[in-house]
Amino acid sequence: RTPPAAEWLKPQLEFAHSKSGGKGVALIGMCLTGSLPLAVISSPLVKATVLCQPTNPFLFPWLPDLSSKERDAVRTSTTAVLGFHFSHDHFSPEARWKTLRGLLGARLTEMIINSNKGNPGGVATGAHSTLGGDGMGPAQEIAFQLAIRYIDNRVSDPPTTKPYPDPREQFPPGFFVQPPKT
């Protein structure tokens with residue numbers, strides 16, 4: 001089911017848009033709210049969506065926290081999505097990302113941060129929070145900067161940072177980009 005917070009969020013989009021003076025609204029979901037931006041992705045005001053390590057529902061690791069009606073809305077949406085997670089994050093399992101890839105197809109740019117034991121970025125094997133939290137290291141700092149660029153290029157008028165994604169960009173060791181499903 002879709003979290004009740006999604007109903008509260010929908011009218012907030014109009015308020016945020018009216019106050020921002022930009023091209024649209026950006027949403028970031030992290031951990032427990034990881035799938036929440038998808039619940040409102042069909043709004044024409046939503047121009048940037050970032051999913052970070054979505055964890056709900058815990059008992060159904062293959063599902064995002066969305067009703068079947070909202071999943072249908074995600075499938076038909078045209079909004080691009082940037083997703084971040086660690087390769088070995090058991091709270092945001094691969095089964096859920098497989099479902100998200102199926103729902104979003106080529107609209108999902110998935111950034112996977114290597115958390116294998118002995119990874120080149122020195123990321124802890126139990127790492128979970130991709131954009132912040134305790135022990136924020138170089139990988140999280142890079143992810144944060146990528147998220148800022150992604151949002152800026154979709155909602156700022158004019159954008160203030162270099163474009164994202166930049167096809168010539170080389171990602172640092174430990175970052176994997178999941179090729180979009182076509």
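What you see is a predicted model, and the numbers here were worked out from it, not measured in a lab. Numbers here simply count residues along the sequence, with the first being 1.
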When rounded to the nearest 0.5 angstrom, what distance separates [atom1] in [X] from [atom2] in [Y]?
| X | Y | atom1 | atom2 | result |
| --- | --- | --- | --- | --- |
| Asp152 | Gln145 | CG | CD | 11.0 Å |
| Leu131 | Cys52 | CG | SG | 3.5 Å |
| Leu146 | Glu141 | CG | CD | 12.0 Å |

[Y] and [X], any side-chain heavy atoms less than 4.5 Å apart:
| X | Y | value |
| --- | --- | --- |
| Phe86 | Val123 | yes |
| Met30 | Ile28 | yes |
| Phe84 | Leu51 | no |
| Leu27 | Ile41 | no |
| Cys31 | His128 | yes |

With no hydrogens and no angle check, is any side-chain donor or acceptor of [X] less than 3.5 Å from a backbone partner on [Y]?
| X | Y | result |
| --- | --- | --- |
| Thr99 | Ala95 | yes |
| Asp157 | Lys23 | no |
| Arg107 | Ser77 | yes |
| Arg71 | Leu103 | no |
| Ser156 | Asn153 | no |
| Gln53 | Thr130 | yes |
| Ser92 | Pro54 | yes |

Testing the basics here: between [X] and [Y], what is the closest heavy-atom pair and its distance to 0.1 Å?
| X | Y | value |
| --- | --- | --- |
| Ala143 | Ile113 | CB-CD1, 4.2 Å |
| Thr49 | Thr79 | OG1-CG2, 3.9 Å |
| Val155 | Lys47 | CG1-CB, 3.9 Å |
| Leu13 | Val40 | CD1-CB, 3.9 Å |
| Gly122 | Asn119 | N-OD1, 2.8 Å |
| Ser115 | Asp89 | OG-N, 4.5 Å |

Count the heavy atoms of every other residue, nucleotide or ligand shown that sit under 6.0 Å from NZ of Lys98, and state whether that count exceeds 12.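 Atom NZ in Lys98 is not crowded, with 12 or fewer foreign heavy atoms closer than 6.0 Å.
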Ignoring hydrogens and geometry beyond distance, is a side-chain donor-acceptor pair present between Glu110 and His85 at under 3.5 Å? yes
Short N-O contact, Asp72 and Arg75, less than 4.0 angstrom: yes
Between Glu14 and Lys19, does any NZ, NE, NH1 or NH2 come within less than 4.0 Å of an OD or OE carboxylate oxygen?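 No, no charged N to carboxylate O under 4.0 Å.
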Please name all residues satisfying side chain to side chain contact (heavy atoms under 4.5 Å, CB included) with Thr125, sequence neighbours left out, ordered by chain then number.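 By the side chain to side chain contact (heavy atoms under 4.5 Å, CB included) rule, Thr125 matches Lys117.
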Determine, step by step, whether Leu38 and Leu100 satisfy the side chain to side chain contact (heavy atoms under 4.5 Å, CB included) criterion, reporting the C-alpha distance in whole Å, the side-chain angles of both residues, the deciding distance to 0.1 Å, and the verdict. CA-CA 10 Å; Leu38 295 178; Leu100 290 169; 3.6 Å; yes
